[in-house]
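What follows is one structure encoded as structure tokens, with my remarks underneath.
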Amino acid sequence: MIELISSVVAPKIQTDDSEDLLSSITVFFQDMRDYDMPQLEAEVAFLHLLQNQEESIFDQIEDALLSDSTHIKRDALRALSRLFQLTFDGNSSIPCKAISILEQYIAWCSTSSITSAFSIIPLVLKNYPNLFSGALERRTLNRLTRTLRDTSHDNSASNLNFDESLAIRHRSSGVAMRLWNFYSLQKRSVPPIVESWRHQALSPDEFSEVRNQWVNGEINVFP
């Protein structure tokens, strides 16, 4: 339902629609919050209608990322993912605020939670490439260093089970592939950790799920 509301309904409603309709949307989201239903992704899709509510929505996203509930945290990450698929005017501070939240989450989230956060990076590179810099760039590269170590085939100290390790390795390698293309197209020096991921991924000893991303140039964004 949230996907339908976000992808189909929200883009069709404009700011010149009736006030009653806009009021109903606000009440609808409040009801979802009251019943602890995930609603952040849909609210982000309606940002063009929810005047002056950006700060409230961002506060909710930050709180949700601190939740112990997997579905609440995932809703917050999907909200960020949805946001980077929207277009804002050049004076909007919304993308920069979202970048700040994302880079902080990438810095402190657990290794087992990094896959969803990494799923958003390709959207940033595609739609807001100028914002992939500073702390977000630095922390993304730092986490790629950690995930390369934590998912290494010979890392006996890792607390990850096989399925977790493979999922994280698959996602991390996909992000590294996108970054390798990103730096190469901009004719910038490719960071050593991205080159290390490329070397590992193309090794004949690597899992096919990881290697095929580089061979076929494929990466899924937020499955």
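Side-chain contact of Ser173 with Trp214: a donor-acceptor pair under 3.5 Å is present, judged by distance alone. Ser112 and Ser110 share a side-chain donor-acceptor pair at under 3.5 Å. Between Arg171 and Thr115, the side chains place no donor N or O within less than 3.5 Å of an acceptor N or O (distance only, hydrogens not considered). Under 3.5 Å, the side chains of Gln104 and Ser100 contain a donor-acceptor pair of N or O atoms.
Not one N or O on the side chain of Ser113 forms a donor-acceptor pair closer than 3.5 Å with the backbone of Cys109. At least one donor-acceptor pair closer than 3.5 Å links the side chain of Ser184 to the backbone N or O of Trp180. Not one N or O on the side chain of Asn212 forms a donor-acceptor pair closer than 3.5 Å with the backbone of Val215. Side-chain atoms of Glu195 never come within 3.5 Å of backbone atoms of Pro191 as a donor-acceptor pair (strictly under, hydrogens ignored). Formation of a donor-acceptor pair under 3.5 Å by the Arg139 side chain with backbone atoms of Ile106 is not found in this model. A distance-only check finds no donor-acceptor pair linking the side chain of Ser67 to the backbone of Asp63 [under 3.5 Å].
Under the side chain to side chain donor-acceptor pair (under 3.5 Å) rule, Glu206 has a single partner from Gln200, Arg169, Arg211, which is Arg169. The only option from Asn142, Leu136, Thr140 that meets the side-chain contact (heavy atoms from CB on, under 4.5 Å) definition with Arg138 turns out to be Asn142.
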- CA sep, side-chain torsions, deciding dist, call: Ser172, Phe118, side chain to side chain contact (heavy atoms under 4.5 Å, CB included): CA-CA 7 Å; Ser172 298; Phe118 270 178; 3.5 Å; yes
- Give the intermediate values and the outcome of side chain to side chain contact (heavy atoms under 4.5 Å, CB included) for residues Ile99 and Phe84. CA-CA 9 Å; Ile99 287 288; Phe84 288 116; 3.7 Å; yes
- Item | Full working for ring-ring contact (aromatic ring centres under 6.0 Å, His included) between Trp108 and Tyr105 | CA-CA 5 Å; Trp108 58 256; Tyr105 185 74; 5.0 Å; yes
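The six-membered or imidazole ring of His170 lies away from that of Phe207, with a centre-to-centre distance of 6.0 Å or more.
We find that Glu137 and Arg188 are joined by a salt bridge, their nearest charged nitrogen and carboxylate oxygen being less than 4.0 Å apart.
By the ring-ring contact (aromatic ring centres under 6.0 Å, His included) test, Phe132 is found to be paired with Phe182, residues two or more places apart in sequence or in another chain being considered.
Hydrophobic clustering (ILVMFWY, side-chain heavy atoms < 4.5 Å, transitive): Leu123 and Met177 are in one cluster. Under the 4.5 Å side-chain heavy-atom criterion for ILVMFWY residues, no single connected hydrophobic cluster contains both Ile114 and Val210.
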